[in-house]
Amino acid sequence: MPHVWRPWEVIEVLRFLTAGESHGPGLVAIVEGLPAGLKIGTEDIDRELSRRQGGYGRGARQTIERDQVRFLAGWVNGMTIGAPLAMLIPNRDWENWRDREIPPWTRPRPGHADLAGAIKYGLNDLRLVAERASARETAARVAVGAVAKALLAAVGVEIGSYVEAIGEVRAELTKMPLSQRVALARHSDVACPDEEVARRMRDRIDEARSAGDSLGGLFVVVALGVPVGLGSYAHWDRRLDGRLAQAVMSIPAVKGVEIGPAFENAALPGTQVHDQLYPGKPRPRRLTNRAGGIEGGVSNGEPILVRAAMKPIPTTVTPLATVDLATGEATSTQYQRSDVCAVPAAAIVGEAMVAWVLADALLERFGGDTLDGLVRRVNDERE
Ligand SMILES: Cc1cc2nc3c(=O)[nH]c(=O)nc-3n(C[C@H](O)[C@H](O)[C@H](O)COP(=O)(O)O)c2cc1C
């Protein structure tokens, strides 16, 4: 048999897979390709899980769940051992649903996977689609992202995020240093570094809730201390910007991704966009970062900036027009318990996905069966 070259066999050093339904017994994640010797505790992961559960505008589900991870494999005495790492996050809500008789859902909700999923898998009960399509799955991704963050932290890379807009309420943050934006966002329930704008965001969420409506917004993920040279310009599928865009776009309800202020750049002449170089040590320096830390698909040593646009939550108290698939008749959606706004939570998932891609690209460039070896190689190159 001739060997078929599949690009992803080469580029993926790290792999992860999740399984689990929203109201099933729990979520499972398996991570493969981690070096041995990475120190990580359940408390490091639980902290990230609790950040994902928070945020102003969330629904009643978050008062039921207290997400906590359990390691099932690949972890001994607080450390990875080079074997696949398996994690479980039990769903507390499972107890409330396991014995319930639920009539089939037949009214697809616009903006959800319901209709396309039911046609694709030949399912008559839309709940079977919703159970897996639900963003509950992102809890497992946040657990995986916490592991990726621990790996990155070992080589001095830090990941953070902040919310820039909720609905039409937008913060103007260009004058605030990035590290300050991320630090202040950590103490805000809308993850917005500007407290005055945060207050208006909360008011806007209250207004949407009272109107039976929902909201989306913008969040930014920031990666600081990323070594030069992650990704590649040599092959389309190894470009770091492309990999980040795919990973962040895979978050439910994220419909736009940009690296740096890309859409703003598109309206400006080149002389006002490209980050000019000046002599400096250990490498030439720049006064601006409009490229968002990536040139030619390769990290250039500047902070990596990924901005994402989240659509409004598709479940609204105000009914939307739909069709009952059982009868073919026009009808309207039936409200299911839901968030009004989940942009702050999505930002945490964004951090996880960015951390994942950077950890993969880091291992691809520096290799590592052991954490010590990886750290040594990264530091050798930094000196
Ligand atoms: C953290 C997070 C929480 C979400 N919570 C809800 C929710 O409570 N209700 C809802 O209808 N959609 C919610 N969504 C969005 C839906 O999961 C998503 O819009 C839907 O699965 C369809 O996928 P798509 O928007 O990517 O096409 C959430 C998304 C994220 C990232």
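Predicted, not measured: the structure shown is a model, and the values here were computed from it. Quick note: residue numbers are just sequence positions, from 1. Counting starts at 1 for both ligands and their atoms, in listed order.
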Under a 4.0 Å N-O cut-off, is there an ion pair linking [X] with [Y]?
X      : Y      : answer
Arg127 : Glu131 : yes
Glu364 : Arg243 : yes
Asp206 : Arg202 : no

To check your reading of the model: name the closest protein heavy atom to [atom], its residue, and the distance in Å.
atom                    : result
atom 17 (O) of ligand 1 : Pro252 CB, 3.5 Å
atom 27 (O) of ligand 1 : Lys255 NZ, 3.1 Å
atom 10 (C) of ligand 1 : Ile313 CG2, 3.4 Å
atom 7 (C) of ligand 1  : Ser338 OG, 3.4 Å
atom 1 (C) of ligand 1  : Ala345 CB, 3.8 Å
atom 15 (C) of ligand 1 : Ala253 CB, 3.8 Å
atom 8 (O) of ligand 1  : Asp339 N, 2.8 Å
atom 21 (O) of ligand 1 : Ala133 O, 3.5 Å

Could you verify whether a donor N or O on one side chain and an acceptor N or O on the other, from Glu351 and Ser161, lie under 3.5 Å apart? yes

Proximal ligand 1 atoms for Ile251, defined as those under 4.0 Å from one of its heavy atoms: 31 (C)

Quick one: does [X] get an N or O within less than 3.5 Å of an N or O on ligand 1?
X      : answer
Thr138 : no
His112 : yes
Thr315 : yes

Verdict with reasoning, Thr322 to Arg109, per side-chain contact (heavy atoms from CB on, under 4.5 Å): CA-CA 7 Å; Thr322 187; Arg109 300 161 303 164; over 6 Å; no

Are [X] and ligand 1 in contact, using a heavy-atom cut-off of under 4.0 Å?
X      : result
Gly59  : no
Arg109 : no
Met310 : yes

Looking at CZ of Arg377 and CG of Leu362, how far apart are the two atoms once the value is rounded to the nearest 0.5 Å? 10.0 Å

Hey, could you give me the CE/OH distance between Met176 and Tyr162, rounded to the nearest 0.5 Å? 9.5 Å

Between the candidates Ala308, Ala135, Ala113, which shows the shortest non-hydrogen contact distance to atom 28 (C) of ligand 1? Ala135

Is there a side-chain contact (heavy atoms from CB on, under 4.5 Å) between Val221 and Met353? Walk through the geometry before answering. CA-CA 10 Å; Val221 180; Met353 295 313 292; over 6 Å; no

Heavy-atom closest contact (Arg107 atom, Ser332 atom, distance): NH1-O, 2.8 Å

Taking every non-hydrogen atom, the tightest pair across Ile45 and Met87: CD1-SD, 3.7 Å

